Amino acid sequence: MIAINRRLCVWILSLSLILTSCAGRKGREEAYSSSFFAMDTYMTFTVYDEDAKKAQSALRQAKEEIGRLEALWSVTDEDSDIYAVNHGGGRPVTVQEETAQIIQFALEMAEKTDGALEPTLYPVLTAWGFTKEENQIPSLEQIDRLLERVGYERVLVAGDQITLEEGMMLDLGAVGKGSAGDRAVQVIEKAGITSALLDIGGNIQAVGGKPDGSDWRLGLRSPFGEGIFGTLQISDRSVVTSGNYERYFIGEDGVRYGHIIDPATGCPVNNGLASVTVIAKEGRLCDALSTSLFVMGLEDAVSYWKEHQEEQIFDVIFVTEDQKVYLTERIKDRFNLQKDCREMKIHVIEAEK
Ligand code: ADP
Ligand code: MG
């Protein structure tokens, strides 16, 4: 079986997009960047400021914050909070405040999405080999047995104490990077920076607009090839994409299996969606929703948006396997299809009046 990892390409591509998106400055702001590998992905943080010392200190602090959260939230690091919770033997485990908050948030989103987001899916992810990039197809009996150890409703949270039943495991793979991005944004803002772009493995979190005050213009990667299918203009927003085109494997049966799993079946999602991009203020909301809307499929995801968009304030761009683009009405004027993707049909999703 072939394990395919195209993250380096994504990183290089998104980096070049960021660099081209920054032209047209009017002040004396300079761009300062820091690239590093963390949370199993490439990150590039770019801040704009006139003061080199301030910019570099902001970058250093943001990177340190990511490292600190990675050490708390890693599922494999034996010193992490999550590892301690997963090996608590059915007893309450005390975690840091940040960890309790992200777990609480993941559980709330699991409930809101009716279990499409399932933070306790780790045993099933392991059986498919997605945690070690050594993929295999588990038997249906094995999946059924492992699904007995899955269920967000059974996680107990009391303040900073988390209790998991023996054999259950929490994993923040679907929400951790978005939440870490939010905290990096806070650090950067606190350092006095008003214009910055954080690229977290292709997910973007923007602080303010470009140095001249105009919107950032982001390229949205095509799920069908190496290029982009469109651009999106935003300021002060997070833009997070989930898809099955980046981390997947081709089984011995010739079928393509992606890394996002439907908790109802324990099998990789295969519902006609190629990618889901969520745009909102908070990265953690974007991250939780991009994964769970991908699991729901187009029809249920559109219903979810109609039902929750006023309370949660988010927008979505869906791309289907048959190359159609569905986007929510609030962002239709901010999105532009690439010239060479004109054959892709655009449908606007309208809120219920
Ligand atoms: P990425 O981390 O690649 O940016 P996502 O945010 O969509 O993509 O998260 C996918 C990761 O979340 C998977 O690699 C896996 O660790 C985990 N996961 C897969 N399916 C689910 C699910 N239904 N609910 C929660 N986590 C999931
Ligand atoms: Mg996610």
Side-chain angles (χ1 to χ4, degrees), residues 3-7 10-11 14 38-43 70 73-76 82 86 102-103 105-133 135 143 146-147 150-152 155 168-182 199-205 221 223 238-249 257-271 273-280 282-297 300-301 314 316 318:
I4 302 172
N5 191 334
R6 293 157 70 192
R7 287 179 189 192
V10 177
W11 182 59
S14 48
M39 298 187 156
D40 205 22
T41 196
Y42 290 95
M43 305 198 183
E70 180 176 23
W73 297 348
S74 162
V75 72
T76 47
I82 296 297
N86 288 348
I102 181 73
I103 292 174
F105 173 75
L107 296 174
E108 280 166 22
M109 289 305 296
E111 184 155 354
K112 270 207 162 75
T113 61
D114 205 13
L117 185 80
E118 178 44 271
T120 67
L121 202 54
Y122 196 73
V124 177
L125 289 163
T126 310
W128 284 92
F130 283 116
T131 51
K132 290 207 176 111
E133 309 273 353
N135 299 111
I143 292 173
L146 291 172
L147 279 173
V150 173
Y152 69 90
V155 180
M168 284 184 71
M169 293 187 104
L170 267 175
D171 145 54
L172 301 175
V175 291
K177 280 178 285 179
S179 184
D182 289 334
D199 178 346
I200 300 169
N203 295 338
I204 302 292
Q205 298 202 215
R221 200 186 143 201
S238 305
V239 180
V240 175
T241 300
S242 286
N244 267 342
Y245 55 92
E246 219 175 86
R247 283 182 62 200
Y248 63 88
F249 74 97
Y257 295 99
H259 71 132
I260 298 178
I261 303 251
D262 183 349
T265 62
C267 294
V269 169
N270 182 10
N271 58 17
L273 280 177
S275 71
V276 176
T277 299
V278 178
I279 301 114
E282 274 194 323
R284 66 176 195 175
L285 179 67
C286 292
D287 205 353
L289 284 176
S290 65
T291 309
S292 49
L293 297 181
F294 190 83
V295 170
M296 287 179 205
D300 287 355
F314 67 101
V316 197
F318 300 97

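All ligand and atom numbering here is 1-based and tracks the order in the structure. It should be emphasised that the depicted structure is a prediction, and the values quoted were computed from it without experimental measurement.
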Query raised in the report: Are the side chains of L121 and F130 in touch, meaning some heavy atoms are under 4.5 Å apart?
Result: no

Report summary line: When every non-hydrogen atom of T41 is compared with those of K177, the smallest separation belongs to CG2-CD, 3.9 Å

Report task. Pick whichever of M296, K177, E118, R247 has a heavy atom sitting closest to atom 4 (O) of ligand 1. Result -> K177

Query raised in the report: Please state the angle at the Mg ion (ligand 2) spanned by O of A174 and O of D287: what is it, rounded to 10 degrees?
Result: 90°

**Report entry** Sub-3.5 Å N/O-N/O distance, A116 and ligand 1
**Finding:** yes

**Report entry** Shortest non-hydrogen separation from A288 to M109 and the atoms involved
**Finding:** CB-CG, 3.9 Å

Query - Contact atoms of ligand 1, heavy-atom distance to S242 under 4.0 Å - result: 5 (P), 6 (O), 7 (O)

Report task. Look only at interatomic distance and state if N203 has a nitrogen or oxygen under 3.5 Å from any nitrogen or oxygen of ligand 1. Result -> no

Report task. Check whether any side-chain heavy atom of T131 lies under 4.5 Å from a side-chain heavy atom of V75, and answer yes or no. Result -> no

Requested in this report: Select one of side chain, backbone, both or neither to describe which atoms of D262 lie under 4.0 Å from any atom of ligand 1, heavy atoms only.
Outcome: neither

Report task. May I ask you to list the atoms of ligand 1 that are less than 4.0 angstrom from any heavy atom of I260? Result -> 7 (O), 19 (C), 20 (N)

Query raised in the report: Looking only at atom types and distance, does a side-chain atom of D182 sit under 3.5 Å from a main-chain N or O of E282, one as donor and one as acceptor?
Result: no

Report task. Using the six-membered ring wherever Trp is involved, compare the ring planes of W128 and Y257 and label them parallel, tilted or perpendicular (cut-offs 30° and 60°). Result -> tilted

Query raised in the report: Which atoms form the tightest heavy-atom contact between V150 and M168, and what is the distance?
Result: C-CE, 4.5 Å

Query raised in the report: Do T291 and ligand 1 have an N or O pair less than 3.5 Å apart?
Result: yes

Query - Whether K177 has an N, O or S atom under 2.8 Å from the Mg ion (ligand 2) - result: no

Report task. Please check if the side chain of E118 supplies one atom and the backbone of Y152 the other of a donor-acceptor pair under 3.5 Å. Result -> yes

Query - Contact atoms of ligand 1, heavy-atom distance to P263 under 4.0 Å - result: 23 (N)

Query raised in the report: S74 side chain to E70 main-chain N or O, any donor-acceptor pair under 3.5 Å?
Result: no

Requested in this report: Check T131 against ligand 1 and report side chain, backbone, both or neither, counting heavy atoms closer than 4.0 Å.
Outcome: neither

Requested in this report: List every atom of ligand 1 that sits less than 4.0 Å from any heavy atom of L117, numbering the atoms from 1 in the order shown and giving each element.
Outcome: 24 (N), 25 (C)

Query raised in the report: Numbering the atoms of ligand 1 from 1, which are under 4.0 Å from a heavy atom of D171?
Result: 16 (O)

Query - Proximal ligand 1 atoms for L125, defined as those under 4.0 Å from one of its heavy atoms - result: 15 (C), 16 (O), 17 (C), 19 (C)

Query - Nearest candidate to atom 21 (C) of ligand 1, where distance is taken over non-hydrogen atoms, out of V276, T120, L121 - result: L121

Report task. Between V295 and ligand 1, find which residue part has any heavy-atom pair under 4.0 Å and reply side chain, backbone, both or neither. Result -> side chain

Query - S292 side chain to L117 backbone, donor-acceptor under 3.5 Å - result: no

Requested in this report: Run the contact test for G243 against ligand 1 with a 4.0 Å cut-off on heavy atoms, strictly below, and give the result.
Outcome: no

Report summary line: So for S290 against ligand 1, with non-hydrogen atoms under 4.0 Å, the contacting part is neither

Query raised in the report: With side chains defined as the heavy atoms from C-beta onward, is the minimum distance between S179 and D287 less than 4.5 Å?
Result: no

Query - Closest contact, heavy atoms only, P119 versus A110 - result: CD-CB, 3.8 Å

Query - N/O/S from T291 sitting under 2.8 Å away from the Mg ion (ligand 2) - result: yes

